[in-house]
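The model shown is predicted, which means the values in this text are computed figures rather than measured ones. Values below: all heavy atoms of this structure, side chains included; hydrogens, waters and symmetry mates excluded. Per chain, numbering begins at 1; letters A, B, ... match sequence-line order.
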Number of protein chains: 2
Amino acid sequence: MTPTPQPARPGHALEELVEALRRLPGVGVKSAQRMAYHLLQHDRPGALHLSGALRQAAQSVRHCSRCHTFTEADVCSTCADPRRDTRLLAVVETPADQAALERSGSYNGLYFVLMGRISPLDGVGTTDIGVERLLQRACDGTVEEVVLATGFTAEGELTAQALATALKARGLKATRLARGVPVGSDLEYVDLSTIAYALHDRR
Amino acid sequence: MTPTPQPARPGHALEELVEALRRLPGVGVKSAQRMAYHLLQHDRPGALHLSGALRQAAQSVRHCSRCHTFTEADVCSTCADPRRDTRLLAVVETPADQAALERSGSYNGLYFVLMGRISPLDGVGTTDIGVERLLQRACDGTVEEVVLATGFTAEGELTAQALATALKARGLKATRLARGVPVGSDLEYVDLSTIAYALHDRR
């Protein structure tokens, strides 16, 4: 990763900034203009701070060699924590999903972060999400159960099914998070397929 | 404007980036995370490009000494254009509004960009939007008519009224963009107050 300072077009710094902001996901030309005007009019220290944070992150953040999440060290702090239960490995789509599991306070195992999910419509297949890397990690002799914690969307389910097949072919135990009625829901507002799953998996 | 490189907290580059992205208008913590993950996972050149564009713009963009819009020169290209009609001065809220007037192809005068509007709820008054600077600019002896082209929102109308009062007190002619039915509209879908204005100002 070599930093390549972009040659600035003299006299077009504002247009260049709007163009650069448009590359952020979910930001169109109107939002990019609003962001640029805001930073230049009201928050130049914020613009310089963001500039430094972008450069720093792009240069120093890499992937944990064990769980593939973002980290600046070779192994992330979660993988390096000796108090974690090394027999459990939860597979999640993103670091945000990992953080959600952590916040629940109910999981003390380790993680594997796919950094994506299988999506045939976007041309993302099993190789793109690093299934081989996951299989290597899961076959370290310590992991006893892989908890598939990908999302309960169509793409998340597809990913979980593909991973379950690959893991079982290696003789590994793969489980899936339970589907059911969310805590705090009135039944009348819960969608039908969730109720169907909750009935089927009743206990 | 002195660039102040931010001291990076070692090991927290990702968190720092998310925090810095949250300072952009309209970006909450979820969007900031999505942006940071996207840049680090799929577009590191984009992150470095944005970093450079932010630094360049924050350091080189200033205000035109005549119309107050963003520019890197002392006087912006529009104010410096000798083909412009110097007797007309349109007052707009933002560079985006100025661009909209330009795109219409119906205006060949000069501009004054407020970079804001009066907003009592946000504590923005007449001094904050540079009314003194506008009066100085409009009293250069060449301007014959000030076209108030602030928005037709409550705040834009308030701003236009305040400016009209101040301009007329100096003996300057102030006009306002016409209100009426937008081109391409079916009358049945036009709101009532617009129809009332269109009836009142019929010609």
Side-chain angles (χ1 to χ4, degrees), chain A residues 1-21 23-27 30-31 33-63 70-73 77 94-96 99 115-116, chain B residues 1-21 23-27 30-31 33-63 70-73 77 94-96 99 115-116:
Chain A
M1 181 63 46
T2 41
T4 45
Q6 299 287 323
R9 286 185 292 152
H12 293 82
L14 181 59
E15 292 89 332
E16 290 239 332
L17 176 55
V18 172
E19 275 307 306
L21 285 166
R23 285 171 73 163
L24 293 171
V27 175
K30 295 270 179 203
S31 302
Q33 280 179 347
R34 200 159 49 94
M35 288 171 175
Y37 296 157
H38 170 82
L39 288 174
L40 292 174
Q41 184 70 8
H42 302 291
D43 195 12
R44 294 208 187 201
L48 290 169
H49 179 71
L50 178 54
S51 169
L54 282 162
R55 179 165 300 274
Q56 181 66 28
Q59 285 170 2
S60 67
V61 173
R62 46 187 174 147
H63 291 283
F70 292 124
T71 177
E72 284 162 85
S77 57
T94 64
M115 297 288 179
Chain B
M1 183 61 48
T2 40
T4 45
Q6 298 289 322
R9 284 185 293 151
H12 293 83
L14 180 59
E15 292 88 332
E16 290 240 331
L17 177 55
V18 171
E19 274 308 305
L21 285 165
R23 286 172 73 161
L24 293 171
V27 176
K30 294 270 180 202
S31 303
Q33 280 179 347
R34 200 159 48 95
M35 288 171 176
Y37 296 158
H38 170 82
L39 289 173
L40 292 174
Q41 184 72 8
H42 302 293
D43 195 11
R44 296 211 184 200
L48 289 169
H49 179 71
L50 177 54
S51 169
L54 281 162
R55 179 164 298 274
Q56 180 66 29
Q59 284 170 2
S60 69
V61 172
R62 45 186 174 149
H63 291 284
F70 291 125
T71 176
E72 282 163 86
S77 58
T94 63
M115 295 288 179

Against chain B, work out which of Met35(A), Lys30(A), His38(A) has the most heavy-atom pairs shorter than 4.5 Å and name it.
-> Met35(A)
Gln41(A) versus chain B, heavy atoms under 4.5 Å apart: side chain, backbone, both or neither?
-> both
If you round to the nearest 0.5 Å, how far is CG of Leu54(A) from CD of Glu16(B)?
-> 11.5 Å
Largest heavy-atom contact set with chain B, pairs under 4.5 Å, which of Ala96(A), Ser77(A), Pro25(A) = Pro25(A)
What is the minimum heavy-atom distance between Glu72(B) and Gln56(B), and which atoms define it?
-> OE1-NE2, 4.5 Å
Of the listed residues (Ala53(A), Ser51(A), Ala20(A)), which shares the most heavy-atom pairs with chain B below a 4.5 Å separation?
-> Ser51(A)
Is it the backbone or the side chain of Val18(B) that comes under 4.5 Å from a heavy atom of chain A, or both, or neither?
-> neither
d(Thr71(A) OG1, His63(A) NE2) to nearest 0.5 Å is 11.0 Å
Point-to-point distance, once rounded to the nearest 0.5 Å, from NE2 of His42(A) to CE of Met115(B) = 9.5 Å
Option in Ser60(A), Ala73(A), Ala57(A) with maximal non-hydrogen atom pairs under 4.5 Å from chain B = Ala57(A)
Hey, which of Asp43(B), Thr94(B), Leu14(B) has the most heavy atom pairs under 4.5 Å with chain A?
-> Asp43(B)
Once you round to the nearest 0.5 Å, how far does NE2 of His49(B) lie from CG of Leu21(A)?
-> 9.5 Å
If one checks every heavy atom of Leu39(A) against chain B at 4.5 Å, the contacting part turns out to be side chain
Say you draw a straight line from CG of Leu48(B) to CZ of Arg55(A); how long is it, rounded to the nearest 0.5 Å?
-> 5.5 Å
